Each structure stands twice: as C-alpha cells, then as structure tokens.
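Step one of this worksheet: look at the structure below.
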Amino acid sequence: MKPVSEVKSAIPELYDPRHVEPRWQRYWSENRCFEAQEDPARPKYYVLEMFPYPSGRIHMGHVRNYTMGDVRARFLRARGYNVLHPMGWDAFGMPAENAAIERGVHPKTWTYENIAAMRDQLKSMGLALDWSRELTTCDPSYYRHEQEMFIDFMKAGLVERKVSTVNWDPVDNTVLANEQVIDGRGWRSGALVEKRDLAQWFLKITDFSEELLSALDGLDHWPEKVRLMQRNWIGRSEGLRFSFALEDAAGALLDERLTVYTTRHDTIFGATFCAISVDHELVRRLAGKDQGLADFRREVAALGTSEETIERAEKKGYPLGLFARHPFRPSVRLPVYAANFVLMGYGEGAIFGCPAHDQRDLDFARKYGLPVIPVVAPKEAESVSIGSEPYLEKEGAETVLINSDFLNGMTVPEAKEETARRMEAMGIGERKVNYRLRDWGVSRQRYWGCPIPVIHCKTCGIVPVPKSELPVVLPEDVTFDKPGNPLERHPTWKNVGCPSCGSAARRETDTFDTFIDSSWYYLRFCSPNADEPLDPKAADYWLPVDQYIGGVEHAILHLLYSRFFCRAMTRTGHLDMAEPFASLFTQGMVIHETFKTAAGEWIFPADAEHKDGRWFHAKTGEPLILGGIEKMSKSKRNVIDPEAIIERYGADTARWFMLSDTPPDRDIEWTEEGVEGAWRFTQRLWRLVNDAAKIGAAGNFADEGVELRRTVHRALQAVTDDLSNLRFNRSIARVYEAANALGAALQQSKPARAAIREAAKIMVLMFAPMMPHLAEECWKILGNQTAVVDTPWPKPEPALLAESEITIAVQVNGKRRDEIRIKKDLAREEIEATALALESVGRALGGRAPKKVIVVPGRIVNIVG
RNA sequence: GCCCCUGUGGCGGAAUGGUAGACGCGGCAGACUCAAAAUCUGUUGCUCGCAAGGGCGUGGGGGUUCGAGUCCCUCCAGGGGCACCA
C-alpha cells in the first residue's frame, strides 16, 4: 500500500474539493480500500442500497440514498467490521426500448452508455464501494442464472402457466401493467385498452402467503410502516366457504350448488340475494343461451379496471333466473345475479348479499328493490333502521344478533362460530382462510428483458430449455420500426427444434418482468463470478444483508418479491435463508420548491431569482408564482442536477447537506441556503483544522483544556450512538458542537494546545464517514501518516464523560422556578434542603409550607405547595 | 370507505414522563473594512415590564401524573398505503 505521505497535498487558504476529491478517490481506488474479502476472523457487515436503473444520470434521490449507505459502510468499517458494500445496475426495462423506438439507438448500446456515465457520477461522490463486484442484470452472465433458477422453480412446482385477463394495448401490441393504463387508455399510444385473456407465466408466490405474512413479525428491524403495508397487501381474512342449493324459477332443485365465500357468516339471516362474477364458470355457461347475459358480460368487461372507473361505476346486476335456498330456512329463496362488483379472483367469485350491513350490497339492493333485513343491532336497541347507509359495528360497541332465529342474542363472534359449526355439521361449509395476494405474473411482451427459457412444442407441450443450452441469449439483431415485440418477428430466433422430440418448435418470446432481476441481485454480490447463482461459502459468510436502504416506494413489490425469491431458492436448494434483509431503512424523498409563470409554464430553479422576498425569472424578469414544495420531477422542472452541485461545491458538501437537519426517513427540501451553509461549514472545518495544526506539537493536557475535552468526548459518544442508529442529523449537530468548542478554544489568548490537537483529531474522525475527502485532507494536515480509512473509530474517555457537578431544575407545583448546581452524588435530603432554601422557591410558595417534595436525583426537584 | 403516519419558534428540526426549542438556516447588533463580501463575537419563542421579575407557550378540547411535546380519550388539519377483497 502506498504511504499517505506520497499523496501530494497543498494547504490553500480555501479548501478546493475539485482538486482534493479526485485525488483521494484515486488513492482509495489504487489501494483497493473497499474491495471486500471473506475473512472468518472478523465480523462481517453487508450494507446495500437499492441499485439504480441506468437512466443515464444520477438524481438527488440517489445522492441521498447512497450517501446514507456510505456513511453506514464507512462507520462500520472504522469500527472493525469487514464491510461489503457493492453496486450494480438494474439494467433491463422499458425506457431502453423506448429510446430505441424514439431515437433508433439499440437498447443495449443505450443502457451500457448510461451505465458508463452514471458510474462516473457515482464515483465522483466518493462512495466506499467495492466496484470489483459490479454487476449488470442485462448481461447474460447474470441472467443465465435467472433462467436456470426458473427451470428449477418449474420442477419444484413453483411456476404455473395460466390464462389471465390482461390490459392489452391494440396499437403497441403489448400487455400493459395496471399502472400504465391511464383513464382506460395506453400511456404511450393513447389507444383504448382492451381486456384480453392471454396465457402467462406465473410464479406461485401464494404458496408462501401464510409464511410471508407470519414472518413479518420477526422483522423487527424493518419500519413498522412497511410491515403493515405488506400485511395489508397479503390481506389474510378468516371466513367460511359454503354452498347454497340452487333452484330454477319454477322451484325445481338443480344438481349444481353455488359456493360462496364470506367473512360475515353471522349475517346469514340478513341475506337477500346472491351475486356472482361475470367471469364465473356458471355465468359463462348461461351466457351461451342468454343473449342479454352475454351483452351484460361484454359491457362489464369493457368498463376497464382503473381505479377511477371502479370508483364511479354503478353497482349493476343481471338476474340469472336462478334462486339460492337459504341453508337454514329452505323456504327463503334468494335471487341470483351476475354482478359487476364481484371479482372472480377472490374467494369463490360468488357472494351472498346482506344489504343491511354492507354498503355495496345495500346499493345493489336499493337499485333492484331487494329486501333489507337488519340482523345486528346495538345491545340496548331492539332494532336498527337502514336508510342509505348500512349499520356497521363500531369497534368496542356491544352488539347482538336479531331477526336471526337460533342466533338471536348472540354476539357477532358467537354467531360466526355457531353458523360455521352448523354448516360444517350439515356438510355444506368449511372454515377457510383467504388471501388477497395474487400469484406473480412475470410474462412481458417485451424485448429488453431476460428471455424465458422454455420452448413450445406441438407434440411435447411446454419443454424447458436444457440447462446445458443456457443461457438463452437475447438476439441483438432486432428492429424497432414496428410496434410489438421484436422477438416475435425475428426471422430465426424463435424457431428451434424441440429439445425433447426434435421436431420444429417455437421459442417463448415473452421476457421476464424486471422485478425478477432485482429479486436476487443482492445475493449475487456475494459471489459475482460464481458458476452457480450463488457460491454457498460466500453466501454463508456474507448473508443476510445487514442493512438495506432504499425508497419506500418499493415497500411492497420489490421487497415482497425478494422475500419470496429467497424462499423459492431455499426450496430449490440454491440458498438456505428465508429473509434477505435483516434491517431495512426507507429514506424520504428529496423535494424542492416549484416555480411557474403566470401562464402556467414550469421554470427551472436555476432560472428563478429571489429579490426582496419575491421570485422573478432570471432572464425575462417576469414575476414567478410558487407552485409548492414537491418531489423533484422532470414535469415540474424542480430538479437540481447532482453533477452540477458536485462540480460547484464538491461531493462532501452535497453529502453533508443531505444528512443535515432533516431526519433521514422524512422528505428533505433542497435549498440553496442549505447547500451554501454546508459549503461554508466545510471551509470552516478546514480553517479550524489548519489552525489547530499550526498550533504546534503539544505536551501534556493542561487544566484549561478540560472543558474542550469534555465537550469533544461527549460529542464523540453522541455521534457514535447516533451513527449506530442512522440518526445522521443528530450526529451532524454534535459535530457542530465540537467545532464550536474547538473554535472557541483557538480564540483564547493562551490556547490549551494538547486539548486542541486532540479535539481536532477526534473531530476529523467523527465527520469522516460523512465527508470522507475533507477528512483525509485534514488528517494529513494534522501530521498523520496513515489514511482515515485505515484508522479505527476513536473511543471517548469515560472519565471525561462523567461529571462531578450537575445542574438540576427546581420546580414548584410542576413549574420551573430555578436551578441548582450540586455535586452529582449529593444525598437526597441535602438536595431537598438546598432547593427549599432558594429565595425563588420561597417566593413561588408565597409563604405556604411545602406539602411534599419530590426529588429525582440527577434529574429534578419538584416542590408541591 | 378502511388502515397508518405526522403536527414543536420566521424555517429545517432537538428533547430515556423530569430545565421545551440542542444544532443549523434566517434575522438583529457589534468587530474587521474606505466599502462590500467573507470571517469573528454577541443576541434571537411570544408577551408585560426601565429593571428586578412575571404571564403565555409543542394543532384544539378533555384525562392520567408531583410533573405531559412525550401516555390515554376525543376532535381538527396535512401526508401516505390499500381500495368493489365479500
């Protein structure tokens, strides 16, 4: 390793990050400071930030995310951990294809050029990353393992091919995700989106519904918010599945029964109709003989699935001419409808309607003139009357069943139990747990993704590509002149021989959802060059990820898929671990003021000028309107380019600003004053350290330096605690305190030299994880021969943390009246006596005798008068 | 509609049930300067008062406690997640 002394440093008046930062980046890189090796002798720590999509430029969100991860990595490294901190590229996805369509660049070229540009930008941030492990998901050396694992998943029964209804864009000839359908139209083409039934590949995430749910309880280093969102997403509900006998209009019993699912079986005597999904097998069958029903089905299908449509859609039904017999009152006939609000994908695709206690059922009943029978009422009331709103149980309210035969007088849980028990005894029902979670559809009719390694053969059916023939490499000679998937119209690629029978067969032309790529990349970092997806030895040493940091927008999909993937890989023998991320941190967004002209045109912050409390366009001078502080976005133009900031202020200033003031999980507002403040502070630190260095070699600690030492050691203790808990904003406040104390000490006519030298050293080490370049430069100025990256985290001296004299507050009737300075271990009685002797206390008591005195040693005295 | 989070000076925000406002930004005053910037020093919740010293203060209301920003109930406001899920 190159000695630090050979790295040239000048001591300019102004600290110039433009020269200093690249120099230290080179030093770290040349000395391979951050390349991790497995070392069983040392405790490991795996820090990871969510890897970026290579859009071409980093944005402020990246800066915030990667700064936090970097502080974590550098801090733990200094504390003796063997830290793994890698970086890669989530490189498949639609933007690359759009670039190809719009600008004629090949997706691969576009992607790799973007990666090169973004890599340089990330390097300019001075991140302590192990670049030797860099991986790119669009590289066959990465995705071949994905294909292999998919085949293993198939063998393990974790893959299913089934027909599902999708959003189909008839102009772009592709499936669209729900998020890509806006007001019923394709987001790119503007074409009316159709519903189509297509054969799709699914990963059976629902095999793990219960486990994915219950294991959330063990993730106690995850934000409660994220666990809750996943819980809701999985959506477990306990209910009853049972069947009704069906009869026709004439009252003749049919052979077939109607199975429904409910969580409110207690309300069975309030049932007044049944409703089934238009996609229900029974409805499909009846539609063959009933033109009106067929039309109704088409009408419902055309309505689309966007939230807005659903919100506005009226509850509609079509009577099927069938009736369900009430299980406990055979004479009661419930009309059966096909209805637009019943989903085929949940439960049985069929329900019984109890209008008195469900808004949706009530709307339906009112529209079709069906009876409304209240069956649950407050305990004191005899009954409830239902208008346009159902009676819903309020939490904690005591309610009982009414109008319900043998259930009358029971509580809701009792009634549920009794109903379930009876139906089970009758052999028509069973208790059933249902989940909202759906299987994961992974087929995309897209080019720029990982090819799905299967072959369709007319005789053999679906045949996996033999592992010896992997990877199935994406062909590069494709054209984007026509809409649709270029793989479909490639002249040769899709025509293959069947691996099983040899006859002419067709290659699968769908590619994987890119969420598959990101479901296991963190595993691959352990052994990026291994022949198998994951080298067990490396996995054993590095996994799980100890600290994962990213945006909350991935709280459900990416994090849930990753949790599923680990389980699936464990089942197929690729891994032995259920939970990939031991602790998770979700950082807030970077937000910024928006500016617009009177005409409503959004203006870049760079073109906005602040004068006399108002904003003007820097070029035209026209007054600007503030549009509110919002997430940085291209559409509102309120973006600040990190590259420009780093060029002007340096990476340390940008990093410092990102960590200051605002707690890391909240949204941070980017402001000019804030960056300027951070910039001034880097200069101030530089001056302080230079002044401290000039003060010369020191002898012993003198008495006059003890206050400085106390402050600095206390700050060190606090920074250590705060950095351990990702409380960056608080650590930064402590660094300011140390700097203020050091500054004051330097101003004194007879400076405490030894204490100042020590304070400067500790201060530099404390801010090093946050401003690593400045720290290295300062460290050198202080005469050190080793680099900060190789310097262990300092330890505070316990003697300096303890105080012999403390100040405690004195309250009278809970109101602070005074404070006293006392010896720390002063006896309770003496504290009481000291407090009672205070003039201020006597005044506040107004001559009354104290009734009671509460003394909390080390904290407070409260005198009750 | 259901679930969750947040609410503290002009602003970002501190505060194991124990001195509310650490630290920063901004402001004000002073030093340096011909001047400005930069830097350094002091000051800065509101309010009454010349002062000493009071009063009021953590979205509103109530409660528990010797003591509440912190715990409980309730209402209000802002943000987020899910949403025809039976």
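Since the structure is predicted, the reported quantities are computational estimates derived from the model, not experimental observations. Throughout, protein chains are lettered first and strands after them, A, B, ... in sequence-line order, and every chain is numbered starting at 1.
Under the 6.0 Å cut-off for aromatic ring centres, A:Y261 and A:F242 do not qualify, their centroids lying 6.0 Å or more apart. Ring pair A:F273/A:F352: centre-to-centre distance not below 6.0 Å. Residues A:H326 and A:F244 place their aromatic rings such that the two centres sit no closer than 6.0 Å.
Side-chain contact check for A:V735 versus A:W656: some heavy-atom pair is nearer than 4.5 Å. Two residues are said to be in side-chain contact when any heavy atoms from C-beta on lie closer than 4.5 Å; A:I668 and A:W670 fail this criterion.
Side-chain nitrogen and oxygen atoms of A:N729 include none within less than 4.0 Å of the OP1 or OP2 phosphate oxygen of B:C23. Checking the phosphate oxygens (OP1, OP2) of B:G13, a side-chain nitrogen or oxygen of A:R666 falls inside 4.0 Å.
A:T671 comes within 4.0 angstrom of nothing in the nucleic acid, heavy atoms only. Heavy atoms of A:E819 sit under 4.0 angstrom from at least one base atom. At a threshold of 4.0 angstrom between heavy atoms, the contacts of A:V864 are confined to the sugar-phosphate backbone, with no base atom among them. Across all strands shown, A:V552 has no heavy atoms under 4.0 Å from either base or sugar-phosphate atoms. Nucleic acid contact class of A:Y736 (heavy atoms, under 4.0 Å, all strands): sugar-phosphate only. Residue A:T662 is classed as a sugar-phosphate contact, given heavy-atom separations below 4.0 Å to backbone atoms only.
For the residue pair A:A275 and A:A339, the shortest heavy atom distance occurs at CB-CB, 3.9 Å. The shortest non-hydrogen separation linking A:M344 to A:H280 is SD-CA, 3.6 Å. A:V278 and A:A338 make their closest contact through CG1-CB, 4.4 Å (heavy atoms, listed as atom of the first residue, atom of the second, distance).
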For nucleotides 67-70 of chain B, give me every protein contact, N/O to N/O, under 3.5 Å, one pair per line with atom names.
none

N/O to N/O distances under 3.5 Å, protein versus nucleotides 39-50 of chain B:
{"from": "B:U39", "atom 1": "O3'", "to": "A:R687", "atom 2": "NH2", "distance (Å)": "3.3"}
{"from": "B:C40", "atom 1": "OP1", "to": "A:R684", "atom 2": "NE", "distance (Å)": "3.4"}

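Between B:C28 and B:G13, the two P atoms lie 24 Å apart (nearest whole Å). Nucleotides B:U44 and B:G9 are separated by 10 Å at their C1' atoms, to the nearest Å.
A salt bridge links A:R843 with A:E839: the closest approach of a Lys/Arg side-chain nitrogen to an acidic carboxylate oxygen falls below 4.0 angstrom. Using a 4.0 Å cut-off between charged side-chain N and carboxylate O, A:R821 and A:E819 make no salt bridge.
Classification of the A:W615-A:F595 ring pair by plane angle, with boundaries at 30° and 60°, yields tilted.
No donor-acceptor contact under 3.5 Å links the side chain of A:K851 to the base of B:C66.
In this structure A:T711 satisfies the side chain to side chain contact (heavy atoms under 4.5 Å, CB included) test together with A:A741, sequence neighbours excluded.
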For a quick check, with a 4.0 angstrom heavy-atom cut-off, what is the B/S/- contact string for nucleotides 51-59 of chain B, read 5' to 3'? --SSSS---

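Using a 4.0 Å cutoff on non-hydrogen atoms, the parts of residues 222-230 of chain A near RNA chain B are A:L228, A:M229, ordered by number.
Of the N and O atoms on the side chains of A:N340 and A:R297, not one donor lies less than 3.5 Å from an acceptor on the other residue.
Applying the salt bridge (Lys or Arg N to Asp or Glu O under 4.0 Å) test to pairs two or more places apart or on separate chains, those with a residue in residues 349-360 of chain A are A:D358-A:R360.
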